[in-house]
Number of protein chains: 2
Amino acid sequence: MAYASLDSILNPKSVAVVGASDNPMGFGYNFMTHLKSYGFKGDIYPINPKSDEVLGIKAYKDLEDVPGDVDYVIHAIGVHLAPMIIQKASKKNAKCVHVFAGRGAETGRPEAKQLEADILKLGKELEIRLIGPNCLGLYNPTCGLSFGYDFPLDAGPVGALIQSGGNSTDLVHIGALRGVRFSKVVSYGNALDMNQNDFLRYFTDDPDTKVIVGFIEGLRGDSREFMDLLRKATAKKPVILCKGGRTDAGARLTVSHTASLAGSGKIWETAVRQAGAIPVRDLDELINMAVAFSMIPPIKGNRVGIAGCGGGRSVISVDEWADNGFEVPALPESIRQEFKTRGSQIWDWIGNPADVSIVAPNDPFTMPAIVDLMLKHEDFDFVSADAQEDPPFSETHFIASVKENIEGYVQNRKENEKPLLMVFDERSVGITEHDSWNYRTRAEMRTYLVKEKMPFFPSVDEAARAVNEISKYYNRKEEMES
Amino acid sequence: MAYASLDSILNPKSVAVVGASDNPMGFGYNFMTHLKSYGFKGDIYPINPKSDEVLGIKAYKDLEDVPGDVDYVIHAIGVHLAPMIIQKASKKNAKCVHVFAGRGAETGRPEAKQLEADILKLGKELEIRLIGPNCLGLYNPTCGLSFGYDFPLDAGPVGALIQSGGNSTDLVHIGALRGVRFSKVVSYGNALDMNQNDFLRYFTDDPDTKVIVGFIEGLRGDSREFMDLLRKATAKKPVILCKGGRTDAGARLTVSHTASLAGSGKIWETAVRQAGAIPVRDLDELINMAVAFSMIPPIKGNRVGIAGCGGGRSVISVDEWADNGFEVPALPESIRQEFKTRGSQIWDWIGNPADVSIVAPNDPFTMPAIVDLMLKHEDFDFVSADAQEDPPFSETHFIASVKENIEGYVQNRKENEKPLLMVFDERSVGITEHDSWNYRTRAEMRTYLVKEKMPFFPSVDEAARAVNEISKYYNRKEEMES
């Protein structure tokens, strides 16, 4: 499918929601809410035989009653009605029907499988492309189309093809908290018509997409073509893929989820690696890679400078960088001398990682000061800074020092070309801790880092694994191109 | 060191804080604040030559001015003054001096090493035991002694020996959010006098401690004795140990943190395993094991029943259980029939994991209903329930359904002996998401689960690795005892 053709499907000028209603228990209500709250930049047509208006927008009893054409139809009623809706959509010159409804082939029931076959045949006959069935459809922040609550309004460089609806929602939500922004996310479910090949080809050609991520339960259509497309994609941009159903037990389940026949995990992993893509185990890893590839410039070397937290964390930090194959060079003598000259009391004691807990107030040695020198020193390929550790001090002093360091790191990054990333641990709180100054400060700092597009990871291990993949990808690319 | 003797040191009846002050920038201020806010059950003596009162408590110019004896002295002034304070403490019949001050041997400076040798000699001469130098000391919720802000006021079954101050603070804070509670936590730093052997022996004999966790950068004293003590400990209770400085790069750093000479990671791991303890890589793993061993009853089999989230997460969930060696049996026919009889519309489609997203409202099939049947069925050794996935619905409906499921799981656990655990993903939010209904609901649910002592893990992979260790430990123990 040509880029322009799919691009016009994924950027509709008008959307009809079949099953739109004012009942918050219905999915039609939710799709309507999203079109309104994300400010869809086109015409919205709620379809409901019993309403004149849905969420304040004029409704139509039947899709055919809509005046003029409809680009994109969201089918949010029972799947057995899909053939009828596709026929009506054809009369409105629709390019695409998103069959949200599930209970298709994934039920394992023969009548549902037959229904899917009928839907596919009809779509082909009438030249209407289908997304689904059994999926959440499209999130396109640029045109204001979304399938979930609280998604970012701004677009970004990550394109996502995600077979599962829940995983696509999680991807956007968790990614958003880490600063990941999307060109488009397609949740495509049973992939009856358009499948991973169409979306992979699209994102490869899409100039707004710099990184491609995917969650695939089972390949649909031509899997040889998929591997071919994958090689072409990775030559242009990084592709990160999570496979559902890697294990025998998992493969059994993909059938009842998206009616997919999953293949063996090992074969998948090898094939994906050979094509230059990055296989990941789960959504957390997928998001770490999305952060890494969309926010960190290419890193080819393996020598890390570390602005640590206290000593214990610094020790674990070194172990985890080293475990992942990185070198943690001793602090260069020139940096030591620089601090001696400036009058630091700890110039002979400080090392790499630099332990924040031994820095006294008013010492010219500060964490941003050492990060700056590390970023400028040839012994380091990149620098990792730990955001904070829990307060040994009381509120005022602690908040001031954390903010000072984090703002310093953001400044460091602006002033240097060498990559700087951060480690900022995840902490879900209970309602009793929710409003404490410690956790409010953490939340403020995270929003600040997201705004400043600073890449950060939940743990050193995850940061190290991500940088490893960056370096593998860009070294391989260089090799292929030379 | 005999249990009773150390127990009396760790349960002091009176505490003096040398360096106590009203200046929030000083650590003496922080130690005083903690004694007050945790309600220390004994006499508090601030020592400050320039104040008559600190934080509203009568202060003394000199330790020797205190009327009567002082059990426990916190040395929160420069380390070079430690010899003088130990001498004064001896005159007050103190049992223990906690030398908080750092800048001892860990600086690598010869004069600091000499000072430590002098301090040790003096302590031995005067029969005063030392904690430290360079450490945060003791958290004993029962007697109201603490070294950190926002620690739980209630005690629990986990005893912790943690060489690093930052790690001990993190352990208590992060553990608290997961429901872990402590008998005592000792942060013991440079371990000049009392070291890991003393604390391991103590926790082994301590009736209030059911699980022992430790973070060790380098063994001090007799390491053969340590392995001996470790074998004795694991015969009585689970012991989880994290080693700082496992790698060469990490080992270099332990010297400048707690002046420890770390050994090789592989040798350590093998020795610890042979002694029946559980080696972990980092603090996150340590906390997962603390949750597992303090909150989950023994599990010996490997067949898991799963109440999943939506399909995509369920698929990843199965893969990760299977990757960790678990069996995910197909849903037993008898459970299927039970739901058919009750009139469920999805009895033929639902599986293990049970996919929450295919459950229609008013179907007799509910997640707690299937968890109950799984817990009662001989095909499963334990059950894992996923807490929630992000809302595809609007607020009201979503909150109601999440609460209903989670309350149902808590009830399931109360009504069945077979182990039930949960997976509840970590999500640190920015300040813009902080007060959203989604994240406030999550926070409320977490507090509820902590209150109900329900074990939960940030990911399936972490849950599976923890259950793996539980099963290894109890199977080994059974073997050793038979």
Side-chain angles (χ1 to χ4, degrees), chain A residues 24-25 30 107-108 149-150 164-167 169-170 173 177 215 217 244-247 249-250 253-254 256-258 282 284 309-316 318-319 322-323 328 349 351 355 357 389-394 396-397 426-432 434 436 443-444 446-447 450 459, chain B residues 24-25 30 107-108 149-150 164-167 169-170 173 177 215 217 244-247 249-250 253-254 256-258 282 284 309-316 318-319 322-323 328 349 351 355 357 389-394 396-397 426-432 434 436 443-444 446-447 450 459:
Chain A
M25 293 290 287
N30 295 292
T107 57
Y149 287 87
D150 302 325
S164 145
N167 281 347
T169 306
D170 280 349
H173 280 163
L177 301 176
F215 171 78
E217 295 192 354
R246 287 178 290 111
T247 61
L253 193 69
T254 58
S256 67
H257 178 221
T258 53
D282 55 29
D284 291 336
C309 283
R313 275 220 198 184
S314 292
V315 166
I316 292 181
V318 174
D319 282 339
D323 271 347
V328 187
W349 176 19
D355 173 347
S357 73
E389 132 179 282
D390 272 0
F393 297 102
S394 57
T396 324
H397 175 57
E426 293 279 317
R427 287 282 174 96
S428 277
V429 294
I431 198 70
T432 43
H434 197 75
S436 71
E444 280 167 18
R446 294 178 81 93
T447 294
V450 165
S459 68
Chain B
M25 292 290 287
N30 294 293
T107 57
Y149 287 88
D150 301 326
S164 145
N167 281 348
T169 306
D170 280 349
H173 279 164
L177 301 176
F215 172 76
E217 294 193 355
R246 288 178 288 109
T247 62
L253 193 68
T254 58
S256 67
H257 179 223
T258 54
D282 56 26
D284 291 338
C309 283
R313 276 222 198 184
S314 293
V315 166
I316 292 181
V318 173
D319 282 339
D323 271 347
V328 187
W349 177 18
D355 174 347
S357 72
E389 141 174 273
D390 271 0
F393 297 102
S394 57
T396 325
H397 175 57
E426 294 278 319
R427 286 281 176 98
S428 278
V429 294
I431 200 70
T432 44
H434 197 75
S436 71
E444 280 167 18
R446 293 178 81 94
T447 294
V450 165
S459 68

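Every chain is numbered from 1, with letters handed out A, B, ... down the list of sequences. Values reported hereafter were calculated over all heavy atoms of this structure, with side chains retained and with hydrogens, waters and symmetry mates removed. Keep in mind that what you see is a predicted model, and the values were worked out from it rather than measured.
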(message) I'd like to know whether B/Val315 forms a side chain to side chain contact (heavy atoms under 4.5 Å, CB included) with A/Asn167, so could you lay out the CA-CA distance, the side-chain angles of the two residues, the decisive distance to 0.1 Å, and finally the verdict.
(response) CA-CA 10 Å; B/Val315 166; A/Asn167 281 347; over 6 Å; no
(request) With a 4.5 angstrom heavy-atom cut-off, could you sort out which part of B/Asp319 is near chain A: side chain, backbone, both or neither? (result) both
(request) Please report the C-alpha distance between A/Arg427 and B/His173 in whole Å, then the side-chain angles of each, then the deciding distance to 0.1 Å, and finally whether the side chain to side chain contact (heavy atoms under 4.5 Å, CB included) criterion is met. (result) CA-CA 10 Å; A/Arg427 287 282 174 96; B/His173 279 164; 4.1 Å; yes
(request) Please determine, among B/Thr432, B/Asp282, B/Thr169, B/Val450, the option with the most heavy-atom pairs under 4.5 Å with chain A. (result) B/Asp282
(message) Using only atom types and a distance under 3.5 Å, with no angle test, would you say the side chain of B/His434 pairs donor to acceptor with the backbone of A/Glu444?
(response) no
(message) Using heavy-atom distances under 4.5 Å, tell me whether B/Ser357 contacts chain A through its side chain, its backbone, both, or neither.
(response) neither
(message) As an exercise: rank A/Asp355, A/Asp150, A/Asp170 by heavy-atom pairs under 4.5 Å with chain B and give me the winner.
(response) A/Asp170
(request) Test side chain to side chain contact (heavy atoms under 4.5 Å, CB included) on B/Arg446 and A/Ile431 and set out the steps. (result) CA-CA 7 Å; B/Arg446 293 178 81 94; A/Ile431 198 70; over 6 Å; no
(message) Is B/Val429 in contact with chain A via its backbone, its side chain, both, or neither, using a 4.5 Å heavy-atom distance?
(response) both
(message) At a heavy-atom distance under 4.5 Å, which candidate from A/Ser164, A/Ala443, A/Gly165, A/Cys309 has the highest pair count against chain B?
(response) A/Ala443
(request) Return the option, out of A/Gly430, A/Gly312, A/Ser428, with the maximum number of heavy-atom pairs under 4.5 Å with chain B. (result) A/Ser428
(request) Select one option (side chain, backbone, both, neither) describing which atoms of A/Asp323 are under 4.5 Å from chain B's heavy atoms. (result) both
